[in-house]
Each structure stands twice: as structure tokens, then as C-alpha cells.
Amino acid sequence: MNVTLRPARTTDAGATGEILHGFARENEWMPELHSRAQTIAFCGWMIDLGWVTVAEAQGNVVGFLALNEAEIHSLYLKLGSRGQGIGQRLLEHAKSDRVELTLFAFQANHGARRFYERNGFVEVARSNGADNDENLPDIKYVWQRERADDG
């Protein structure tokens, strides 16, 4: 699949919102706290802040990454676009000009946890979920670029 990464435009709020809203609907452990419209508005807000990079294939948004400074806020792909290296490309894009990245993943999201751990993220903390909207236990991960030996 030929995929292009580009900064999100305001008009991408619908597609990114659909992807994010779909994730809540696909996973029985994930509470559906927000309506489709609220989720689209939230994605529009992240786009307006300049956080979002989209992955586009054949003119359609198939995934997105929202990056606030060094924190990965969101990385989601359409259901049919997973397992094709698109998430990897978005993650490499985020890593490209940073020495450290952080993120939170829900403990129940085993696929995301495996993905991040395969990509060099290390667990640094766990919580009971009291600090996230979903009230789901989560894990904080950190990735640090390997530094060349000065030696």
C-alpha cells in the first residue's frame, strides 16, 4: 500500500474522528464516552493545535498520530489498515527529530503495548486509571534515542 504522511488539515477532522471513535466501538474493554460528533470535534481541536500527522492512502486518511511536543497523545489506524507498517511509519516520523518520547497505553490494549515495546518504548509507571477520562488502568512508556558513545 502506497502511504503518504502529511500534516493534517482542518478537513481531516472527520476522518481522524471516525478512526478514533471506531477504536472505542471495536474494543469491548474501552468505554464509549463521547459521541461521534464530540470525537470529531476533539480531533479538530488537536489538528488546530498542529499536533496531527495523517497517513493517507489512495486519497483516504487511514491513520493519524497526534504529537504534543514529546508526548504521543494518539496513534490510531483504521481497522483495515493495521498490520501493514503504517503505524511504524507514523512512529518513525515522531521519533525522527526527538531524543525522547512519552505516551500512555491502556493496560488492556495488548496490541498497542506489544507495538510500542517492539519499538523501544520502556514501561516506567503504571496507574489505576484515576487520572484518565476512561478510568482504565494504564502504563506510561518512554522511548529515548540511543546516544552515540563519546568515547
Novice: Locate the shortest heavy-atom distance separating Arg6 from Val61; write the atom from each residue and the value.
Specialist: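 Shortest heavy-atom contact: NH2-CG2, 4.1 Å.
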Novice: Short question: side chain of Thr16, backbone of Asp12 - any donor-acceptor pair under 3.5 Å?
Specialist: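 Looks like yes, one N/O pair under 3.5 Å.
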Novice: For the pair Arg25 and Glu32, find out whether any cationic side-chain nitrogen is under 4.0 Å from an anionic carboxylate oxygen.
Specialist: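 Yes, Arg25 and Glu32 are salt-bridged.
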Novice: Which atom pair, heavy atoms only, marks the closest approach of Ser96 to His93?
Specialist: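 Minimum heavy-atom contact is OG-O, 2.7 Å.
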Novice: Hey, does the side chain of Glu71 reach the backbone of Asn68 with a donor-acceptor pair shorter than 3.5 angstrom?
Specialist: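 No.
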Novice: Without swapping roles, check the side chain of Gln84 against the backbone of Gly80 for a donor-acceptor pair under 3.5 Å.
Specialist: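 Yes; at least one donor-acceptor contact below 3.5 Å.
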Novice: Does Lys95 use its side chain to pair, donor to acceptor, with the backbone of Asn119 at less than 3.5 Å?
Specialist: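 The answer is yes, because a donor-acceptor pair under 3.5 Å joins these two groups.
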Novice: Within this structure, what is the CG-CG distance for the pair Leu49 and Leu67, rounded to the nearest 0.5 Å?
Specialist: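 Taking CG in Leu49 and CG in Leu67, the distance rounds to 12.0 Å.
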Novice: Just grab all the ring-ring contact (aromatic ring centres under 6.0 Å, His included) pairs involving residues 25-61, residues at least two apart or on different chains.
Specialist: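 Applying ring-ring contact (aromatic ring centres under 6.0 Å, His included) to every pair that reaches into residues 25-61, excluding sequence neighbours, yields Phe23-Trp29, Trp29-Phe106, Phe42-Trp45, Phe42-His73, Trp45-Trp51, Trp51-His73.
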Novice: Do side-chain atoms of Asn128 reach the backbone of Ala130 as a donor and acceptor pair under 3.5 angstrom?
Specialist: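 Yes; at least one donor-acceptor contact below 3.5 Å.
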Novice: Quick one: does any side-chain atom of Arg98 pair with a main-chain N or O of Glu69 as donor and acceptor, under 3.5 Å?
Specialist: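 Flag set: sc Arg98 to bb Glu69 pair under 3.5 Å.
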Novice: State whether the side chain of Asn109 and the backbone N or O of Ala105 hold a donor-acceptor pair below 3.5 Å, judged by distance alone.
Specialist: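 Not at all, since once roles are kept as given, no pair shorter than 3.5 Å links the two residues.
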Novice: How close do Leu20 and Cys43 get, heavy atom to heavy atom, and via which atoms?
Specialist: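 Result for this residue pair: CD2-SG, 3.9 Å.
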Novice: Closer than 3.5 angstrom, by distance alone: can the side chain of Arg89 be matched with the main-chain N or O of Ala55 as a donor-acceptor pair?
Specialist: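 Flag not set: sc Arg89 to bb Ala55 has no pair under 3.5 Å.
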Novice: Quick test of your reading of the model: are Arg145 and Glu100 salt-bridged, counting only N-O distances below 4.0 Å?
Specialist: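 Salt bridge between Arg145 and Glu100, a charged N being under 4.0 Å from a carboxylate O: no.
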Novice: Looking only at heavy atoms, which two atoms of Leu75 and Gly87 are closest? And how far apart?
Specialist: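 In terms of heavy atoms, the two residues are closest at CD2-O, 4.2 Å.
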Novice: Quick test of your reading of the model: are Arg82 and Glu26 salt-bridged, counting only N-O distances below 4.0 Å?
Specialist: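 Looking at Arg82 and Glu26, the cut-off is met.
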Novice: With side-chain hydrogen bond (donor to acceptor under 3.5 Å, both in side chains) as the criterion, how do Gln107 and Asp138 come out once you've worked through the C-alpha distance, each side chain's angles and the decisive distance to 0.1 Å?
Specialist: CA-CA 5 Å; Gln107 290 181 29; Asp138 61 13; 5.8 Å; no
Novice: Looking only at heavy atoms, what is the nearest atom pair of Val62 and Ala57, with distance?
Specialist: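 So the two residues come closest at CG1-CB, 4.1 Å.
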Novice: In terms of ring plane angle, is the pair Tyr141 and Phe121 parallel, tilted or perpendicular, where the classes change at 30° and 60°?
Specialist: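 Geometry flag for Phe121 against Tyr141: perpendicular rings.
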